[in-house]
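The structure appears right after this line, and notes come after that.
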Amino acid sequence: MFRNYIFSAYRNLLKTRFYSLLNILGLSLGFSAVIFILLFVNDELNYDKHNLKHERIYRVHSAFKIGEMDDNFAITALPLGPAFKLEFPEVQEMVRIARINDLLIKVENKEYYETQFFLVDSTIFDIFTNEFIYGQPENALTEINSLVITESLSRKYFGDQNPIGEVVESGLNVPLKITGVIKDLPMNSHILYEGLISIITGVQGPVEDFNSFEAERFWSVNLFTFVLLNENTDIDALSQKFPAFYEKYMKSVGDQINATFTPVLTPLADMHLYNRLKADLPTGNIAYVYIFVAVGIFILLLAAINYMNMATARSARRAREVGIRKVVGAHRGQLIAQFLTESFMMVFVAVIIALALVGICIDDFNELAGKKITMELLTEPFIIFILSSIAFVLALLSGSYPAFYLSSFLPVKVLRGSLSSGGRNSGWLRRILVVLQFTIAISLIIGTMVVNDQLRYLKNKDLGFDKENLVVLQLQDTSFRNKVIPFREALLQHPAILSVTNANGVPGRSNQKTVMRIESEEGWKDHAIMLTQADYNYLDVLNIKLTDGRNFDRNMGSDATEAAIINQAFARQYGWDEPLGKKIHYDFEIDGSGGRILKVIGVVADYHIQSLHNPIEPYVIMLNTRPAFMLLLKVRGQNFSETLAFTQTEWDHFASGKPFDYKLLENMLSEDYRNESRIGMIFELAALLTVFIALLGLLGLSSYVAEQKTKEIGIRKILGASVGNLMKMLYSELGLLILIAFVLAVPLAWWRLEIWLESSFVYHTDINPLSFLVAGIAAFLVGLLTISFHLLKVVRSNPVEAIKFE
Amino acid sequence: MIHIQQLSKVFRTDEVETTALSKINIQIEQGQFVAIMGPSGCGKSTLLNIIGLLDNPTKGSYSFVGHEVSAFSERQRASFRKENIGFVFQNFNLIDELSVFANVELPLFYQGVAPADRRRRVEEVLKQMQMEHRSKHFPLQLSGGQQQRVAVARAIVSRPALILADEPTGNLDSVHGTEVMELLKKLNAQGTTIIMVTHSQRDASYANRIIRLFDGQMVAENLTHHAESLIA
């Protein structure tokens with residue numbers, strides 16, 4: 001019996017090649033999209049879960065309230081971890097992880113800039129799961145100047161040999177001894193460390209100071225702290241002890257600076273998707289996971305709809321077969337099995353093709369999604385289970401309507417031919433399904449356009465400073481930094497290098513916050529304020545406009561230590577109507593002594609110091625007292641490579657062997673929007689795919705309509721209908737369906753996109769109604785074009801042929 | 001009204017050339033009722049299609065009410081057709097999805113007749129065909145005879161000078177067949193020219209002139225007794 005089903009399903013697929021092809025194409029495209037989405041979502045949801053103890057690992061983050069401002073940081077103070085372990089018996093172990101930016105590592109004569117090196121406590125291996133290839137976790141990081149590296153780094157430095165005991169030079173100005181090699185971390189690790197250095201290595205000054213629990217030290221946050229809790233620890237109960245902890249260790253300082261602090265615990269596995277904190281490493285976003293899943297469901301739905309539509313459309317042809325089978329004794333269950341066999345076979349073929357497609361496209365996918373997923377993941381039982389369930393549901397869903405509908409035909413009616421093709425009801429269903437498809441497709445087209453609008457807005461918005469033709473150099477070590485003035489002078493010899501500034505931050509990068517005292521009518525007030533220290537040229541190089549007062553001036557001796565320039569937001573926020581001459585107390589001790597009093601000499605127009613995700617905050621610029629680590633070159637746009645070559649020559653001259661590295665400010669800024677441009681591309685792909693699948697469906701339907709209406713069109717032509725009349729008749733229905741889809745899609749898309757823009761960006765484009773119009777018209781036009789393929793043929797054929805057809 | 005001279009129609013496929021009509025000469029005057037007879041495949045329908053401006057001849061001339069139409073473009077044929085010719089088919093060729101009223105209304109719609117005018121004329125012609133009580137029904141709800149009456153109503157609603165009927169009784173029982181033939185006779189009596197293809201000697205007897213085709217050629221023409229009496 002089953003063989004009979006398979007055989008007749010196979011023959012049916014072959015007999016209606018065109019429809020089968022459209023269906024299989026739609027289903028396999030849909031299914032490959034779903035596989036990718038599944039891989040992506042699986043990867044995102046499993047961040048850090050390779051750690052066997054992940055359910056007991058928490059990150060401590062810092063919730064500050066300074067004055068009226070709430071500030072949440074992913075990092076904590078140095079002594080917090082040890083104090084936690086001391087205070088709370090629930091804390092079985094803790095590890096501190098401090099990031100080192102761009103560490104120079106020198107192996108024999110080769111130099112590398114490493115971006116994934118961290119200073120860590122030796123307890124890291126008790127908490128996180130790492131497999132050692134060489135060395136032992138127990139003692140790998142207990143000694144000063146020890147370094148544990150990953151397998152691929154070991155291969156990069158030393159080839160295939162065992163590197164234990166090898167010594168490398170480092171930008172920390174001490175030699176580091178390799179004490180362990182661990183397996184590379186899975187890509188979906190929040191902290192993707194490649195090199196781990198014992199934390200004591202980074203300690204400057206006496207070790208006693210490093211380990212002290214002095215209250216002041218709890219207020220300067222600079223590294224990640226993770227804790228391993230005992231099994232079955234009640235997090236709420238533990239958190240209730242935090243106020244007492246604050247009281248004991250931190251309150252004395254907090255009261256002086258008008259601030260409070262609360263530690264917050266986040267489960268390790270939630271860090272990647274649910275945390276949005278300052279000073280964190282790049283995270284994912286659960287919203288994008290939802291978007292992905294929604295897109296996947298849409299695409300699958302579309303493909304299933306195509307199948308249903310075409311199957312019911314052809315039902316008239318199949319009706320006869322059903323009638324005959326019933327007359328010769330088939331009962332309904334057997335017919336349902338028969339039709340389901342067909343849809344299962346179709347889905348099976350589609351899945352095979354989809355897997356091949358995934359194999360072909362996986363590299364492009366990885367690039368787009370920023371992942372390193374391999375096909376091997378598809379052999380995991382969980383993934384196989386999910387995929388086969390989806391395939392099963394898909395086959396059932398797309399096969400069910402034809403199966404249950406067709407099998408319900410009464411043989412007498414069918415064979416007498418009084419069943420008009422497809423029936424009136426299925427006609428309605430088809431229309432609803434087409435509307436649904438186009439609602440989805442139009443929504444996604446609108447989404448694509450709005451996301452692109454926003455990307456364009458981000459790219460083109462006047463940020464209040466010049467970002468073009470700015471080269472950023474980072475001066476890694478102090479000896480190089482001390483030569484910054486001659487280096488700068490040498491650079492300025494080149495006619496294409498217009499000006500140079502030395503600063504410890506550029507817009508979008510390294511703008512730390514510091515607690516300052518600000519003059520107000522009620523005396524001094526403490527506030528955490530964003531700060532850049534730079535030289536005299538900073539405003540000129542970035543072309544930042546002054547609205548009041550003056551720029552720093554070399555001829556004013558006091559500027560070097562006493563001048564500050566603020567932005568308009570600063571004056572607004574702290575109620576300074578006449579900001580010039582107002583005072584800011586900076587760099588003071590906890591008790592308020594020492595430091596410097598700065599006077600405001602100028603006010604700059606608000607510019608975007610941070611990405612457009614953030615509002616413009618109060619901000620201070622002051623002159624640096626020591627050479628800073630960033631050098632910003634304003635260059636001419638022409639002959640850029642020649643200018644760059646010159647810069648490198650000078651670099652090599654001054655940097656005493658440090659490898660040359662540069663960035664363009666414009667590129668650094670656009671990195672902040674990498675997530676958005678990724679979303680933009682994903683939207684584009686999804687829109688393309690859904691539109692394509694929807695069009696496949698239309699193509700199938702229109703071919704059916706063309707077939708069905710051949711006679712009617714012939715009659716109408718004989719009675720005098722022109723080609724125009726007929727087109728109008730045939731297209732008006734499609735037009736109406738697309739119009740309905742449009743009307744449904746507009747509020748849906750508008751509402752969703754408005755939420756996205758509002759929640760993700762402080763500064764965003766307005767949704768342009770034109771996008772909606774364009775999306776609607778585009779959908780209509782491609783729809784028109786698609787159905788024209790079949791309908792035009794019929795409309796233009798000789799009517800005599802059509803009516804002879806009977 | 002119709003002058004056909006040396007008219008030929010050749011169908012070509014890649015390999016085969018079939019001559020459907022060969023050097024036909026016919027003249028039909030206004031008000032005649034002509035039956036075209038002959039065995040299957042003799043070219044009857046081809047001739048009817050050419051006369052009905054559904055197809056162009058390969059050679060020869062065809063003049064319709066003084067216009068040489070043999071070289072008309074598709075568009076010209078269509079506009080000429082809808083103003084001058086009504087069609088009745090063996091299988092009725094009604095549109096199943098449209099009501100009786102809408103089916104009859106179609107030619108007027110395509111001629112651009114105003115809606116009120118259309119309504120009046122459709123009602124008029126349905127009354128004439130005694131189908132006014134069925135105007136809201138759909139074709140599949142009617143008997144074959146009724147369907148053909150609707151088809152005739154549709155053919156005459158635009159008041160064409162010529163009606164072409166392709167085996168109009170072929171799908172009808174004899175009672176309904178007679179009914180339709182009587183209808184055509186009545187229309188002819190009112191002045192409409194009718195050309196009818198038929199196999200049936202009985203139907204042909206309603207005509208006043210019979211043209212016989214065999215293998216694409218005219219083999220005989222005789223006036224029936226009706227015509228003879230008319231001329232006499």
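Worth saying up front: this structure is predicted, and the values here are computed from it rather than measured. Proteins come first, then strands; the chains are lettered A, B, ... in the order of their sequence lines, and each starts at number 1. The basis for the numbers below is simple: all heavy atoms, side chains too, and nothing from hydrogens, waters or symmetry mates.
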On the ring face of A:Tyr731, is A:Lys728 found with NZ or CZ under 6.0 Å from the centre and within 45° of the axis?
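No, A:Lys728 and A:Tyr731 do not form such a contact.
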Salt bridge between B:Lys127 and B:Glu123, side-chain N to carboxylate O under 4.0 Å?
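Judged by the 4.0 Å cut-off on N to carboxylate O distance, B:Lys127 and B:Glu123 do not form a salt bridge.
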Under-4.0 Å salt bridge between A:Glu733 and A:Arg431
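Salt bridge flag = yes for A:Arg431 with A:Glu733.
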What part of B:Leu94 gets within 4.5 angstrom of chain A, counting heavy atoms only: side chain, backbone, both, or neither?
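Only the backbone of B:Leu94 comes within 4.5 Å of chain A.
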Where on B:Arg154 is there a heavy atom nearer than 4.5 Å to chain A: the side chain, the backbone, both, or neither?
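Only the side chain of B:Arg154 comes within 4.5 Å of chain A.
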Name, in order of residue number, those residues of residues 106-115 of chain B that have a heavy atom at a distance of less than 4.5 Å from a heavy atom in chain A; otherwise write 'none'.
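Counting heavy atoms that sit under 4.5 Å from chain A, the residues of residues 106-115 of chain B involved are B:Leu106, B:Pro107, B:Tyr110.
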Give, as side chain, backbone, both or neither, the part of A:Lys709 having an atom under 4.5 angstrom from any heavy atom of chain B.
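For A:Lys709, neither part sits under 4.5 Å from chain B.
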Of B:Tyr62, B:Phe80, B:Phe64, the residue whose pairing with B:Phe72 passes ring-ring contact (aromatic ring centres under 6.0 Å, His included)
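It is B:Phe80; the other options fail the test.
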Pick one: which of A:Ile445, A:Leu695, A:Ile777 meets side chain to side chain contact (heavy atoms under 4.5 Å, CB included) with A:Val782?
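For A:Val782, the side chain to side chain contact (heavy atoms under 4.5 Å, CB included) check succeeds only for A:Leu695.
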State, with a plain yes or no, whether a side-chain heavy atom of B:Leu162 is found less than 4.5 Å away from one of B:Leu164.
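In short, these two side chains touch, coming nearer than 4.5 Å.
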Near A:Arg796 CZ, under 6.0 Å, is it more than 12 heavy atoms from other residues, nucleotides or ligands?
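For A:Arg796, atom CZ is not crowded (no more than 12 foreign heavy atoms under 6.0 Å).
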